[in-house]
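Input: a single structure, listed below in structure tokens.
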Amino acid sequence: MNKIFSVYNKLYFHFGPQHWWPVTEKGNFHPTYSGGPKNEKQQLEVCFGSILAQNTSWKNAEKVIVELNKHSLFDVKKIIKIGAKKLAQIIRSSGYHNQKAKKLKNFCDFLLNKYDGKLNLLFKNDIAELRKQLLSVNGIGPETADSIILYAAKKPIFVIDAYAKRIANRLGYKEQRYDELQNLFMENLPNSEKLFNEYHALLVELGKDICKKKPLCGKCPINRYCSYYKSK
DNA sequence: TACCAGGTCCTCG
DNA sequence: CGAGGACATGGT
């Protein structure tokens, strides 16, 4: 078994399944980890959430999900209709709220103009075309696009975020660019949406509490695979 | 107080 | 291309 796969098994054994992506169940305002989206409203939540979480703690993004639920704003046409300033105020606690208000509007404009406002039409594209389409939206970069593909469309692609990059580099891999890191993971794993979903979530769990900027290597379940740890 | 958190865009060599 | 700056709130 290759090292990338061994690391996954070790993390899964240590932390258990993560039940990503968090979405809001009917009747609630707060999203929960219940195994990902099961309808189009929840899929839209994943899309908005992946934009709102850009370079921000999930806690801050989550506050905004709650606010958007209260205002019934998981609705493409309503996002287009509401004023940018008003939307920015509502999503304030996610940080970069002025930019993110525009990004949400850009995404909804794109969806309405090209796909009749329907995610299920957008998601009918194959992965390569879907990614290309998402990247054409100003405000959606590679990580956000891949998060939407994996967690909203539930198609197999590996998401690289700051945690994945930091952990891979500490493990000893030299890759720096997004696509190089993505290839590293995808070439060493079976092409499985379920696996990519869990693995990325597990990397977040490790990166958040253990493999931090100042890492707590003593607590790390994969330190025996880690060149950073070995070199200390 | 300073630093960090589930990035992306724009500008400039 | 790649580096560097701007964007901003909330938690420790």
Side-chain angles (χ1 to χ4, degrees), chain A residues 8 11 15 17-24 30-37 42-43 45-68 84-110 131-153 157-170 174-182 185 196-216:
Chain A
Y8 169 76
L11 290 175
F15 291 116
Q18 301 297 301
H19 311 293
W20 271 36
W21 179 291
V23 290
T24 306
H30 282 83
T32 53
Y33 291 85
S34 52
Q42 292 181 334
Q43 288 181 307
E45 254 191 66
V46 176
C47 297
F48 285 12
S50 63
I51 290 172
L52 293 168
Q54 287 172 1
N55 204 41
T56 306
S57 68
W58 174 252
K59 276 287 165 209
N60 283 1
E62 191 183 45
K63 291 181 204 299
V64 173
I65 304 286
V66 173
E67 287 308 305
L68 291 175
K85 292 211 100 170
K86 189 171 179 189
L87 180 57
Q89 273 314 109
I90 293 170
I91 68 169
R92 188 172 178 280
S93 56
S94 66
Y96 308 127
H97 50 286
N98 296 311
Q99 285 200 347
K100 285 175 181 174
K102 287 181 193 161
K103 292 179 180 184
L104 291 177
K105 281 177 154 293
N106 289 343
F107 176 64
C108 289
D109 285 338
F110 157 82
R131 192 169 199 269
K132 190 176 147 197
Q133 292 281 312
L134 289 168
L135 289 175
S136 76
V137 178
N138 187 301
I140 297 185
E143 183 186 334
T144 306
D146 290 341
S147 294
I148 291 172
I149 295 168
L150 179 64
Y151 290 111
I157 198 160
F158 203 93
V159 177
I160 301 298
D161 61 3
Y163 295 136
K165 179 175 182 185
R166 182 164 74 215
I167 293 166
N169 289 154
R170 283 190 177 144
K174 302 298 178 214
E175 287 81 352
Q176 297 294 317
R177 288 202 337 262
Y178 188 97
D179 57 311
E180 291 174 335
L181 284 157
Q182 185 172 55
F185 283 94
F196 295 165
N197 177 323
E198 278 299 334
Y199 203 157
H200 177 250
L202 288 164
L203 289 176
V204 172
E205 189 60 27
L206 182 73
K208 207 168 39 169
D209 299 329
I210 297 175
C211 197
K212 305 194 278 194
K213 282 228 165 150
K214 290 165 85 88
L216 308 176

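Fair warning: this is a prediction, and the values are worked out from it, not measured in the lab. Throughout, protein chains are lettered first and strands after them, A, B, ... in sequence-line order, and every chain is numbered starting at 1. Computed from heavy atoms alone, side chains included, the values below leave out hydrogens, waters and symmetry copies.
For the pair A:K214 NZ and C:dT12 P, the interatomic distance rounds to 18 Å; values are reported in whole Å. In this entry the distance linking CD1 of A:I91 with P of C:dG10 reads 12 Å, nearest Å. Distance A:N55 CG to C:dG4 P: 17 Å, rounded to the nearest Å.
Within 4.0 Å (heavy atoms only), A:I140 reaches sugar-phosphate atoms of the nucleic acid but no base atom. When heavy atoms are screened at a 4.0 angstrom cut-off, A:K212 is found touching no nucleic acid atom at all.
A side-chain hydrogen bond (donor to acceptor under 3.5 Å, both in side chains) with A:Q54 holds for exactly one of A:K100, A:Q99, A:K103; it is A:K103.
Not one side-chain nitrogen or oxygen of A:S57 sits closer than 4.0 Å to the OP1 or OP2 atom of C:dT9. At B:dA5, one or more side-chain N or O atoms of A:R166 fall inside 4.0 Å of OP1 or OP2 (strictly under the cut-off). For the OP1/OP2 pair of B:dC10 and a distance below 4.0 Å, the side-chain nitrogens and oxygens of A:N138 include at least one atom meeting the criterion. Under 4.0 angstrom from either OP1 or OP2 of C:dT12 there lies no side-chain N or O belonging to A:K208. Between A:R92 and the phosphate of C:dG10, there is a side-chain N or O to OP1/OP2 separation shorter than 4.0 Å.
At least one side-chain heavy atom of A:F185 sits less than 4.5 Å from a side-chain heavy atom of A:L203.
Candidate nucleotides C:dT9, B:dC4, C:dG11 were compared by shortest atom distance to the side chain of A:K213, and B:dC4 ranks first. Between B:dG7, C:dA8, C:dG11, one nucleotide has an atom nearer to the side chain of A:K63 than all others, and that is C:dG11.
With A:Q176 contributing its side chain and A:K174 its backbone, the two residues share a donor-acceptor pair below 3.5 Å.
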